[in-house]
Amino acid sequence: MHDLIANREILVVGGSSGMGLATARQCLAQNGRVKIVGRNRDRLDSAIAYLGGPDERIVSIQADASTEEGRAKIFAGVRSIDHMVVTSANLSYKPLAQFDLNSVRLALASKIEAPFFLSQSAAPMLAKDGSITFVSGIAAYRPIPGGSITATVNGALEAMVRALCQELAPVRVNAVSPGWIDTPIWSTIISDDQKAAAHAAMAERIPARRIGQAEDVAAAIVSIMENPHISGTVLHVDGGQQLV
């Protein structure tokens, strides 16, 4: 099969931590050239050090992809892209009655506006055998109380995949839908003690009998990049969580 990662240009938006950072690491392991985008300079610097940089194969861009100015900054120095991965999100978990307009707008900006307009900007630069991969999530299928806005934007993002894969063809557009993954976002939702108990309980329920890791999702993203016949698809990496 044609090597679609080695010596290719890969843009990972949300690449300073979690699933994005794991994706960047796996792409570098296959000799890809990676640009990681994040909002926080300290996290970006830590990510670059973790990835073994800085060097010519690893570049960081500090920008907020949910803003027009941030997206302009991301693409200011980019001339060509083989693959774009968008993992960034700014989501809130709370009862419906507690949501305000700002919380909803942040979710929409990070999970709908950012992927949409990033795709618009990237499209003229993308290689014909390249790809765009978004990250949606189990909330679109198995929402929990307090996760209404997360369920909404994840479902909408998957609809975007089906539309863009046709409009941007032959560039491939897909999404990966994780289940519960042990990433830093959990610290913004519940305490560490609560997280450990919740993860243990979920691991007992799902067929895989384990909570997912960022590397599991990254492997799925990389597999989509490598396969030239996957487009318009949502790849579930949830350990069978949809079934319980």
Side-chain angles (χ1 to χ4, degrees), residues 4-5 8-16 18-20 23-24 27 32-40 44 59-91 101-102 104-137 140 149-150 152-177 217 220-222 224-225 227-235:
L4 297 177
I5 292 183
R8 299 296 188 106
E9 299 291 335
I10 300 156
L11 178 67
V12 184
V13 182
S16 63
M19 294 175 279
T23 299
C27 289
R33 303 173 63 87
V34 178
K35 291 181 173 65
I36 61 171
V37 178
R39 291 175 292 182
N40 184 281
L44 281 169
V59 174
S60 67
I61 303 169
Q62 184 182 4
D64 184 351
S66 66
T67 69
E68 188 173 357
E69 295 78 11
R71 291 187 292 271
K73 186 175 180 181
I74 291 169
F75 290 102
V78 177
R79 295 294 174 264
S80 64
I81 305 170
D82 291 286
H83 304 284
M84 181 173 72
V85 179
V86 184
T87 71
S88 54
N90 193 345
L91 303 171
L101 187 58
N102 186 60
V104 172
R105 283 177 170 168
L106 287 173
L108 291 171
S110 67
K111 292 285 280 192
I112 302 301
E113 291 179 22
F116 186 87
F117 287 112
L118 285 167
S119 299
Q120 183 186 68
S121 296
M125 308 176 188
L126 275 160
K128 292 186 183 301
D129 60 356
S131 70
I132 297 172
T133 307
F134 302 135
V135 174
S136 57
I149 194 61
T150 301
T152 300
V153 294
N154 282 338
L157 186 61
E158 293 182 5
M160 191 189 302
V161 163
R162 293 187 287 273
L164 292 184
C165 82
Q166 298 182 76
E167 184 165 346
L168 300 183
V171 171
R172 296 174 293 112
V173 184
N174 297 283
V176 168
S177 176
V217 181
I221 293 170
V222 170
I224 286 175
M225 290 185 199
N227 192 317
H229 207 57
I230 298 179
S231 195
T233 292
V234 178
L235 177 57

Checking the side chain of [X] only, and the main-chain atoms of [Y] only, is there a donor and an acceptor separated by less than 3.5 Å?
X	Y	result
Q120	F116	no
D82	G130	no
R172	M225	yes
S231	V173	yes
T233	I230	no
K35	E9	no
S136	L157	no
N174	I224	no
S66	A109	no
R71	A65	yes

What's the separation between atom [atom1] in [X] and atom [atom2] in [Y], rounded to the nearest 0.5 Å?
X	Y	atom1	atom2	result
E113	L106	CD	CG	10.0 Å
D64	N40	CG	CG	11.5 Å
T23	I36	OG1	CD1	11.5 Å
M160	C165	CE	SG	13.0 Å

Would a 4.5 Å heavy-atom cut-off, applied to side chains only, mark [X] and [Y] as touching?
X	Y	answer
L164	I132	no
R39	N90	yes
V135	I221	yes
T133	H83	no

If you look at every heavy atom in [X] and [Y], which pair is closest and at what distance?
X	Y	value
V161	A175	CG2-CB, 3.8 Å
I149	A107	CG1-CB, 3.6 Å
I112	A156	CD1-CB, 3.6 Å
S16	L44	CB-CD2, 3.8 Å
P115	S110	CD-O, 3.4 Å
M84	I81	N-CG2, 4.1 Å

Quiz item: So I74 and L11, side-chain contact (heavy atoms from CB on, under 4.5 Å) or not? Walk me through it.
Solution: CA-CA 9 Å; I74 291 169; L11 178 67; 4.0 Å; yes
